[in-house]
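Working notes, beginning with the structure itself.
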Amino acid sequence: MNRPVLLVIAHGSRDPRHAATVQALVRRAGALRPGLRVETAFLDFNLPSVTGVLDRLAAEGVRDVVALPLLLTRAFHAKADIPAVLRQAPPSLRIRQAEVLGPSPLLIAALERRLHEAGLSPADKSTTGVVLASAGSTDPEAIAAIAETARELRRTGWCSVRPAFASASLPRTEDAVRALRADGVRRVAVAPYVIAPGRLPDRIAAGAAGADALADVLGPSPELAALLVERYDEAARTDVRVAVAG
């Protein structure tokens with residue numbers, strides 16, 4: 001029996017680094033599952049579009065697709081935008097929408113990897129506060145998920161972890177850095193809780209000017225690649241399908 005095609009759906013950005021990072025991540029995920037067909041599509045700004053890829057797959061005779069939102073939280077894109085575009089797929093396609101990536105222990109591991117790459121060692125944890133800086137959302141479910149991720153990261157041994165946001169919500173990254181300083185934290189690191197570079201990650205980096213260390217975006221980390229495959233497997237085992245037009 002043929003496995004469903006994995007369609008990774010990214011937001012898209014005018015920043016060329018975004019699409020390049022997404023493609024690198026998807027390639028790494030595909031390498032973990034030889035023989036699995038993996039496609040990438042974007043909601044906006046970049047090509048190929050989601051509808052374009054779905055039309056092509058249907059024309060090739062593909063029947064089963066797992067659509068995986070490349071998103072860390074369940075906010076508007078996961079709840080509205082992606083389901084809406086999937087409903088316009090050709091009726092010959094059977095589509096399952098996978099869960100968003102977060103929360104997951106693999107994301108905590110990816111964040112720690114990036115913090116260690118930024119020069120922090122396990123011995124630094126007890127004296128280092130971390131600003132978990134996300135793009136931001138007005139969705140209460142997304143805000144709660146980020147707060148839970150901050151708590152889970154704190155449980156790994158960092159002396160303090162504070163969420164921050166580049167847009168939509170408060171506090172901003174620079175405010176969280178100052179708050180940790182005011183609490184007497186000896187060392188402050190900023191960990192971007194974002195997948196790929198772009199305008200909002202650049203805003204996070206600018207807000208990290210007062211920190212001692214700035215980690216990289218999650219990008220094509222081994223943990224994130226493994227999480228894509230995990231979410232694919234979970235969705236492929238279910239019978240919950242998107243109702244398409246027609």
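These figures come from a predicted structure and were not determined experimentally.
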Common cluster, L115/V177, ILVMFWY with side-chain heavy-atom separation under 4.5 Å: no
Could you walk me through whether V38 and V5 pass the side chain to side chain contact (heavy atoms under 4.5 Å, CB included) test, one step at a time? CA-CA 6 Å; V38 184; V5 170; over 6 Å; no
Could you check whether any side-chain N or O of S169 sits under 3.5 Å from a backbone N or O of S137, counting only pairs where one atom can act as donor and the other as acceptor? yes
With the threshold set at 4.0 Å, does a side-chain nitrogen-carboxylate oxygen contact exist between D44 and R14? no
Nearest 0.5 Å, what's the CG-OG1 distance between L25 and T21? 9.0 Å
If you link ILVMFWY side chains whenever their heavy atoms are less than 4.5 Å apart, which other residues fall into the same cluster as F45? By chain and number, please. none
Output yes when R178 and E174 qualify as a salt bridge under the 4.0 Å nitrogen-oxygen rule, no when they do not. no
Once you round to the nearest 0.5 Å, how far does CG of L153 lie from OH of Y193? 10.0 Å
Salt-bridge test for D175 and R172: reply yes if a basic N is under 4.0 Å from a carboxylate O, no otherwise. no
Report the residues that fulfil salt bridge (charged side-chain N to carboxylate O under 4.0 Å, His left out) with D55, sequence neighbours left out, ordered by chain and then residue number. none
Can you check whether P4's main-chain N or O pairs, donor with acceptor, with Y232's side chain at less than 3.5 Å? yes
Contact check, side chains of R37 and R3, non-hydrogen atoms, under 4.5 Å: no
Is there side-chain contact between V50 and L43, with heavy atoms separated by less than 4.5 Å? yes
Can you check side chain to side chain contact (heavy atoms under 4.5 Å, CB included) on D233 and R237, steps first, answer last? CA-CA 6 Å; D233 287 341; R237 289 193 295 264; 3.8 Å; yes
Would I195 end up clustered with I108 when hydrophobic side chains under 4.5 Å apart are linked, directly or stepwise? yes
Option from V161, T173, V190 for which side chain to side chain contact (heavy atoms under 4.5 Å, CB included) with L132 holds: V161
Run the side chain to side chain contact (heavy atoms under 4.5 Å, CB included) check on V8 and E39 step by step: do they pass? CA-CA 6 Å; V8 179; E39 300 278 351; over 6 Å; no
Below 3.5 Å, can you tabulate the donor-acceptor pairs from side chains in residues 206-214 to any protein atom, sequence neighbours excluded?
from : atom 1 : to   : atom 2 : distance (Å)
D212 : OD1    : R181 : NH2    : 3.4
D212 : OD2    : R181 : NH1    : 3.1
D212 : OD2    : R181 : NH2    : 3.1
D212 : OD2    : V188 : N      : 2.8

Between T73 and E141: side-chain donor-acceptor atoms closer than 3.5 Å: no
Got a second to check how far C159's SG is from D183's CG, nearest 0.5 Å? 9.0 Å
Working to the nearest 0.5 Å, report the span between CG of L120 and OG1 of T127. 9.0 Å
Would you give the length of the straight line joining atom CG of N2 to atom CZ of R63, rounded to the nearest 0.5 angstrom? 11.5 Å
Give a yes or no answer on whether the side chain of R154 reaches the backbone of W158 with a donor-acceptor pair at less than 3.5 Å. yes
Group every Ile, Leu, Val, Met, Phe, Trp and Tyr by side-chain heavy-atom contacts under 4.5 Å, then state whether L70 and V53 land in the same group. no
Pair up each side-chain donor or acceptor in residues 220-229 with any protein partner under 3.5 Å, not counting sequence neighbours, and list the distances.
from : atom 1 : to   : atom 2 : distance (Å)
S221 : OG     : L224 : N      : 3.3
E223 : OE1    : R113 : NE     : 2.9
E223 : OE2    : R113 : NE     : 2.9
E223 : OE2    : R113 : NH2    : 3.0

Derivation of the side chain to side chain contact (heavy atoms under 4.5 Å, CB included) call for F76 and T138: CA-CA 9 Å; F76 185 78; T138 57; over 6 Å; no
Rounding to 0.5 Å, atoms OG (S49) and CG (L54) come to a distance of 8.5 Å
Judged by atom type as modelled, is there a donor-acceptor pair below 3.5 Å linking the side chain of H18 to the main-chain atoms of G198? no
Heavy-atom closest pair, residues S134 and F165: OG-CD2, 3.1 Å
Could you name each residue pair satisfying side chain to side chain donor-acceptor pair (under 3.5 Å) that touches residues 91-110, not counting sequence neighbours? D64-R94
Taking it one step at a time, do T156 and E112 satisfy side chain to side chain donor-acceptor pair (under 3.5 Å)? CA-CA 9 Å; T156 68; E112 294 222 285; 3.1 Å; yes
When L86, V242, L93 are each screened for side chain to side chain contact (heavy atoms under 4.5 Å, CB included) with V65, the one that passes is L93
V100-L218 co-clustered via ILVMFWY side chain contacts under 4.5 Å: no
Shortest non-hydrogen contact between V194 and P201, atoms and distance: CG2-CG, 3.9 Å
Taking all non-hydrogen atoms of both residues into account, name the closest pair between A19 and N46 and its distance. CB-ND2, 3.8 Å
Side chain to side chain contact (heavy atoms under 4.5 Å, CB included) involving A166 - partner list, sequence neighbours excluded: L200, R203, I204
For S121, the side chain to side chain contact (heavy atoms under 4.5 Å, CB included) test, sequence neighbours excluded, returns A123, D124
Side-chain heavy atoms under 4.5 angstrom apart, residues restricted to Ile, Leu, Val, Met, Phe, Trp, Tyr: same cluster for V131 and L107? no
Does D139 have any salt bridge (charged side-chain N to carboxylate O under 4.0 Å, His left out) partners at least two apart in sequence or in another chain, and if so, which? K79
Taking only residues two or more places apart in sequence, or in another chain, which ones meet H11 in a side-chain hydrogen bond (donor to acceptor under 3.5 Å, both in side chains)? H77
Which atom of P34 lies closest to which atom of A31, heavy atoms considered: CD-O, 3.9 Å
Can you name the side-chain hydrogen bond (donor to acceptor under 3.5 Å, both in side chains) partners of T128, sequence neighbours left out? R187
Checking D202 now: which residues fulfil salt bridge (charged side-chain N to carboxylate O under 4.0 Å, His left out) with it, not counting sequence neighbours? R17
With sequence neighbours left out, write down each residue that passes side-chain hydrogen bond (donor to acceptor under 3.5 Å, both in side chains) with R151, or none if nothing qualifies. E148
With heavy-atom distances below 4.5 Å as the criterion, would you say the side chains of I82 and L71 are in contact? yes
